2 protein chains.
Amino acid sequence: MDARSEGEAVTSEASSDPHAEAASRLQAAGQRYTSGRRELVEALAGAARPVTLPDIESIAPGLARSTAYRNLEALERCGVVHRLETGGDHAYFELAESLLGHHHHLICVTCGAIADIELDGETESRIDDSLAAAARESGFVPLHHSLDLYGRCSSCDAAA
Amino acid sequence: MDARSEGEAVTSEASSDPHAEAASRLQAAGQRYTSGRRELVEALAGAARPVTLPDIESIAPGLARSTAYRNLEALERCGVVHRLETGGDHAYFELAESLLGHHHHLICVTCGAIADIELDGETESRIDDSLAAAARESGFVPLHHSLDLYGRCSSCDAAA
DNA sequence: ATTGAAAATGAGAATGAGTCTCACTATAGT
DNA sequence: ACTATAGTGAGACTCATTCTCATTTTCAAT
């Protein structure tokens, strides 16, 4: 009942074009898809992993910090960008799950590097069910979950 | 008072006395279990949920902030305390899983309140297996995982 | 008991990620 | 073009957390 991990019918199909998605979502909120915002989305789409603000600055120089943070927040409110806190100095940003698909993270406790992973559908639905049951007991309305694995990446493990 | 969860074969049995545990772990690291540290552990053990530093200050007034943070860090290094980052203003602290048992969190996206939950053992082992498989593919050495459910707590949901 | 080395403390200074302000510029719709 | 609205950049600002350092406490060995 579980040997299935290939490209299955994922519930939230990722739009092929993050830019189109961002533009329409922003517009729906009465906001504009400016070149600065486009650069942000481009930087996030180009990175294979979540990135910090310094990362973004080195990928796309010339964006004022205040503007970058402001736009990241605007994009987050529209559901285009997701921010994750890891306890490190900086927050990490990535495209939201509606664009990237539902996934989780491997986080290196030594160097902080993050990689995306996906779990098989059966495990996911089991998680959802268990969490929903626990939420119900507490009077919680569930919205979404995050599941991160902490460990040592191959290079940090080799160095230890 | 504490709901006796079905005493399943939990891998890490919680020590009945957090203080004894803290004392021995600190000592093993060449550190002392001072009264200030004892107060911290007492505060964490007394709270049924993760707490912020301001919470701690109101529970146990009189501890200097710098000392509180320093000791929380010392206790974290010894595996007595666990810090969790939620993206809110403050970090949350709770006793480590070796004392509290493995559990997860419900986090209210509106007010930030956190509650502890436990999942059934079968779901847990399934999660572990899936994560371990994903980690292996990435050359990651798994250490531990965190699984948090974001949603709206009953009072925030009622207010909306 | 006394002492001395190591560890802990408190008060405040310092750090720095992230946010806010505001004057200015760009855009969309008429 | 005109105007109302949204976005931008530069830097000031906030505030949680960390650092510094002089003083105090603890522990172990005398």
Side-chain angles (χ1 to χ4, degrees), chain A residues 19 22-44 50-78 80-94 112 114, chain B residues 19 22-44 50-78 80-94 112 114:
Chain A
H19 293 298
S24 77
R25 291 202 188 208
L26 283 169
Q27 192 171 38
Q31 302 197 292
R32 299 162 189 167
Y33 196 41
T34 63
S35 62
R37 290 174 179 183
R38 192 179 310 264
E39 276 187 74
L40 274 179
V41 170
E42 191 67 28
L44 295 180
V51 293
T52 63
L53 198 93
D55 292 337
I56 293 173
E57 281 178 328
S58 66
I59 297 172
L63 297 172
R65 275 207 181 164
S66 53
T67 304
Y69 276 117
R70 202 191 300 120
N71 285 339
L72 251 2
E73 191 198 333
L75 290 164
E76 191 186 14
R77 271 203 306 267
C78 293
V80 174
V81 161
H82 178 65
R83 168 198 296 233
L84 47 145
E85 310 278 344
T86 65
D89 285 347
H90 294 268
Y92 282 78
F93 298 91
E94 66 181 350
I114 303 183
Chain B
H19 293 297
S24 78
R25 292 201 187 211
L26 283 169
Q27 191 169 40
Q31 304 197 293
R32 298 162 188 165
Y33 196 41
T34 62
S35 63
R37 290 174 179 182
R38 193 178 309 265
E39 276 187 71
L40 275 178
V41 170
E42 191 66 28
L44 295 180
V51 293
T52 64
L53 197 94
D55 291 338
I56 293 173
E57 280 177 329
S58 66
I59 297 171
L63 297 173
R65 278 210 176 160
S66 53
T67 303
Y69 276 116
R70 203 191 301 119
N71 286 339
L72 251 2
E73 191 198 335
L75 290 165
E76 192 186 13
R77 272 203 306 267
C78 292
V80 175
V81 161
H82 177 65
R83 167 197 296 233
L84 47 145
E85 308 279 345
T86 64
D89 285 347
H90 295 267
Y92 282 78
F93 298 91
E94 65 180 350
I114 303 183

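Convention: sequence-line order gives letters A, B, ...; per-chain numbering from 1. Just so it is clear, the structure is predicted and the values come from calculations on it, not from any experiment.
Along DNA chain D, the nucleotide nearest B:Glu85 and the nucleotide nearest A:Gly30 are compared for position; the residue whose nucleotide lies closer to the 5' end is A:Gly30. Toward the 5' end of DNA chain D, the nearer of the two residues B:Arg32 and B:Arg83, judged by each one's closest nucleotide, is B:Arg83.
Under the 3.5 Å distance criterion, the side-chain polar atoms of A:Arg38 are left unmatched by any main-chain donor or acceptor of A:His19.
In this structure, the CD atom of A:Glu73 is 12 Å from the P atom of C:dG18, given to the nearest Å. Atom pair A:Arg65:CZ and C:dG18:C1' shows a separation of 10 Å (rounding to whole Å applied). The interatomic distance linking A:Tyr33 (OH) with C:dA26 (P) rounds to 20 Å, in whole Å. Rounded to an integer number of Å, the gap from A:Leu53 CG to C:dT19 C1' is 13 Å. Between B:Arg38 atom CZ and D:dT25 atom P the separation is 17 Å, expressed in whole Å. Between B:His90 atom NE2 and C:dA17 atom P the separation is 19 Å, expressed in whole Å. Spacing between atom CG of B:Asp89 and atom P of D:dT17 amounts to 8 Å, rounded to whole angstrom units. In this entry the distance linking CG of B:Leu63 with P of C:dA11 reads 11 Å, nearest Å.
Salt-bridge check for A:Arg77 with A:Glu73: passed, with a basic side-chain N closer than 4.0 Å to an acidic carboxylate O.
Checking the phosphate oxygens (OP1, OP2) of C:dT19, no side-chain nitrogen or oxygen of A:Ser66 falls inside 4.0 Å. Taking 4.0 angstrom as the limit, B:Arg37 places a side-chain polar atom (N or O) nearer than this to OP1 or OP2 of C:dA8. The shortest distance between the side-chain N/O atoms of A:Tyr69 and the OP1/OP2 oxygens of C:dT19 is not below 4.0 Å.
Note on A:Thr34: only backbone sugar-phosphate atoms sit closer than 4.0 angstrom, heavy atoms only; bases stay farther off. Here B:Ala74 lies out of heavy-atom contact (under 4.0 Å) with every strand.
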A:Leu84 vs A:Glu94, side chain to side chain contact (heavy atoms under 4.5 Å, CB included): CA-CA, chis, key distance, verdict: CA-CA 8 Å; A:Leu84 47 145; A:Glu94 66 181 350; 3.5 Å; yes
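Residues B:Phe93 and B:Leu40 are not in side-chain contact: their nearest non-hydrogen atoms beyond the backbone lie 4.5 Å or more apart.
For CD of A:Gln27, the number of neighbouring non-hydrogen atoms (other residues, nucleotides, ligands) closer than 6.0 Å is 12 at most.
Below the 3.5 angstrom threshold, one finds no donor paired with an acceptor across the side chain of A:Arg70 and the base of C:dG18.
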